[in-house]
Amino acid sequence: METADSVIRKWDPNTPSFTKIVSLFNHSRKEAKEFIRCVRDLRRAMHFLVSQDSQSPKLALAQTLMQIAMARLEKEFFQILSSNRDKLDPESVSGQSSISSNSEFEDVMGSDDDDESDNEMRKAGESITQVEKASAMVMSDLKAIAESMISCGYGKECVKIYKRVRKSIVDEGLSLLGIEIYKGSRFHRTDWVTLEHMIKNWIKAAKIGIATLFRGEKLLCDHVFSASNSTRESCFYEIANEAATNLFKFPEFVAKEKKSHERIFPLMDLQAAISDLWQDIEMIFHFDAVAGVKSQALTSLQKLKVSIHSALTDFESIIQKDTTKALTPGGGIHKLTRSTMNFISSLSKYSGVLSEILADHPLPRNTRLLESYVRAPISEDEQHNHALSVHFAWLILVLLCKLDTKAEHYKDVSLSYLFLANNLQIIIETVGSTPLRNLLGDDWLNKHEDKLCAYAGNYEIAAWSNVFMSLPEEPTDLSPEEAKIYFRRFHTAFEEAYMKQSSRVVPNAKLRDELKVSIAKKLVPEYREFYRKYLPMLGQERNIEILVRFKPDNLENYISDLFHGTPIHASSSFSSSSSSSSWKSLGCVSG
């Protein structure tokens, strides 16, 4: 008690000495360690006196000394918390992954030689950087003070200071990250553009808030109050519960807004962000007092799932209800096809989010036929993805059915088939070049490529059959008059077909070339043979160039001009039997 009297009174915060304005822990860590040891000894002496003589006058002195000591430690605790914010910022604390659970002051009765600052720094952690060492030392000081005050019955005062200072830091940190107090009424008045910006900011802020701010606060709280589970849980609850609960209200409010398929991607970003943070959320908010934070996060996840599924249903409904009757010029690609496939391909990038949602909301239809089109799951882990694959297959099937309906609006049958081929081609191309390929599989692609070939073949028959049939079917000997009739028939049929088909469009270069090659292979060799055999018979005819207007090479050139959507005028298209375009690169038979 005599030793304690001299040490404790020296640092009495109510004395006029210089120690009133000087921090004990900053002034001399050796004296700080001695002060903590004296407090411990004083507490032991008080327990001894009570057990021996509860009326001892020394108890009054001890009590006075204890009150002075607690006032000093209370002041030190506040000063350390307030003046070392840089060393106690969440990022620094989060880096303390291997903080010792024991305070460097815990064994204050140890060797007298163990009092050098370098040695204390070493105990704080030799393997961490200087910044982390400084952070670890401040945390060690706070832990020593907290344990001393709590053991002496002054835990309430210590905890009150800690909660007030650290809660303000957490609230300030979230405010700097752009997190505000969220209320549902605010969202009803916010336009979607602003809300989308808020979502992007929230995702960034939540990642920092959970992984750094709350995680660092939890580590600090656990370290400072490691001696008492109930104290550290109570402290962390007061500091973090309200702020963290408010943080996770944001996704719930967003999910409750008007649902639309156009808003699905920010919703899925929110869903993915919370899912990515879930392991940290469970680790940080694992005890009962802060279970409300996990509950709020789960509620937000569930609301988001419902909203996302509703947006998917809305998207399907929009495809089915599309009633635009405007025909795509030249049988080109319909805007519904482009918008739908762009949307589906973007959806496929969120397979992790969507597979979980769709596994809980299977298609309410008989999907056996659809399932036969997509890659079957080979493991339990792929079951969720299989539900997603079937759903994507269904959405594309809905689109194809709608395209069939739109194709019926064309009065020209060949144009209907070309329209279907063009639109199926971009569907196949989109699937093959995006994550949809892995989801739908090669069987799906092969079956739809076969369907594309069927459309292309039906187009050829409908558009060019009159030309194909205008030449003799079987090799035969014709008279000059019969040959002239066939030349006229062929030229008339080809001109009519060419004039009509020159306005058709095939945007995809591969499909365009395949159609040209296919038409040329069916047409040019037969005409070349007919031309070679019967043109000499008509050598004496007057105006032979009018009767026989096409040479085989010219025929190839005319075919090469097709499917660019540039209609040819009858008055000028066949005024010359030559053409400036060349088609040698397509490998057609040359004359």
Side-chain angles (χ1 to χ4, degrees), residues 192 258-265 311-347 392-434 436 448-449 451-465 496-516 519 561-570 573:
W192 180 249
K258 185 178 179 182
K259 300 168 181 64
S260 166
H261 76 279
E262 296 171 343
R263 302 178 179 183
I264 194 173
F265 297 107
L312 285 175
T313 304
D314 175 66
F315 173 59
E316 179 185 331
S317 178
I318 285 176
I319 301 173
Q320 292 177 330
K321 293 179 180 179
D322 185 275
T323 57
T324 56
K325 295 182 178 179
L327 301 178
T328 308
I333 298 168
H334 200 281
K335 64 179 182 180
L336 179 65
T337 306
R338 290 192 184 278
S339 62
T340 300
M341 292 312 298
N342 285 339
F343 190 83
I344 293 176
S345 64
S346 297
L347 285 177
F392 281 149
W394 169 255
L395 290 176
I396 294 175
L397 180 59
V398 171
L399 172 62
L400 290 172
C401 291
K402 181 58 66 173
L403 291 174
D404 283 342
T405 302
K406 294 185 180 299
E408 295 173 359
H409 296 155
Y410 288 101
K411 295 180 180 179
D412 186 302
V413 175
S414 68
L415 193 54
S416 296
Y417 283 120
L418 190 63
F419 169 80
L420 291 171
N422 277 326
N423 284 270
L424 182 55
Q425 171 62 42
I426 195 172
I427 291 171
I428 292 171
E429 183 180 354
T430 303
V431 170
S433 61
T434 65
L436 287 168
H448 284 79
E449 284 170 354
K451 194 172 185 179
L452 173 61
C453 290
Y455 285 150
N458 290 337
Y459 159 76
E460 286 185 25
I461 293 171
W464 296 93
S465 59
E496 288 179 354
Y498 178 78
M499 293 298 295
K500 184 181 289 188
Q501 301 309 314
S502 64
S503 64
R504 308 305 189 232
V505 59
V506 180
N508 182 270
K510 182 175 179 290
L511 178 60
R512 185 167 62 241
D513 289 348
E514 286 175 350
L515 282 171
K516 290 177 183 179
I519 294 167
D561 288 334
L562 293 172
F563 307 127
H564 292 282
T566 53
I568 306 298
H569 297 291
S573 60

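Position 1 is the first residue of the sequence; numbering continues from there.
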Do [X] and [Y] come close enough that some side-chain heavy atom pair is under 4.5 Å?
X    : Y    : answer
N458 : L420 : no
L562 : L515 : no
I344 : F315 : yes
I426 : T430 : yes
V431 : I396 : yes
L436 : S345 : yes

Compute the ring centroids of F343 and F265, then answer whether they are less than 6.0 Å apart.
-> yes
Could you state the interatomic distance from OH (Y455) to CD (Q425), rounded to the nearest 0.5 Å?
-> 13.0 Å
Check: [X] side chain, [Y] main-chain N or O, donor-acceptor pair, under 3.5 Å:
X    : Y    : answer
D314 : H261 : yes
S317 : T313 : no
S503 : M499 : no
T324 : A326 : no

What closest approach, in Å, do [X] and [Y] show between heavy atoms, and which atom pair accounts for it?
X    : Y    : value
V505 : L418 : O-CD2, 4.0 Å
S416 : Y410 : OG-CB, 3.3 Å
N422 : P507 : OD1-CD, 3.5 Å

Taking atom types as modelled and ignoring hydrogens, do the side chains of Q501 and W464 form a donor-acceptor contact shorter than 3.5 angstrom?
-> no
Does the side chain of K335 come under 3.5 Å of the side chain of T328 through a donor N or O and an acceptor N or O?
-> no
Identified side-chain contact (heavy atoms from CB on, under 4.5 Å) partner of T337 from the options L424, L400, N423 | N423
Mark yes when over 12 heavy atoms from residues, nucleotides or ligands other than F563 sit less than 6.0 Å from its CZ; otherwise mark no.
-> yes
How are the rings of H334 and F419 set to each other: parallel, tilted or perpendicular (split at 30° and 60°)?
-> perpendicular
Worked verdict on K500 versus E496 for salt bridge (Lys or Arg N to Asp or Glu O under 4.0 Å) = CA-CA 6 Å; K500 184 181 289 188; E496 288 179 354; over 6 Å; no
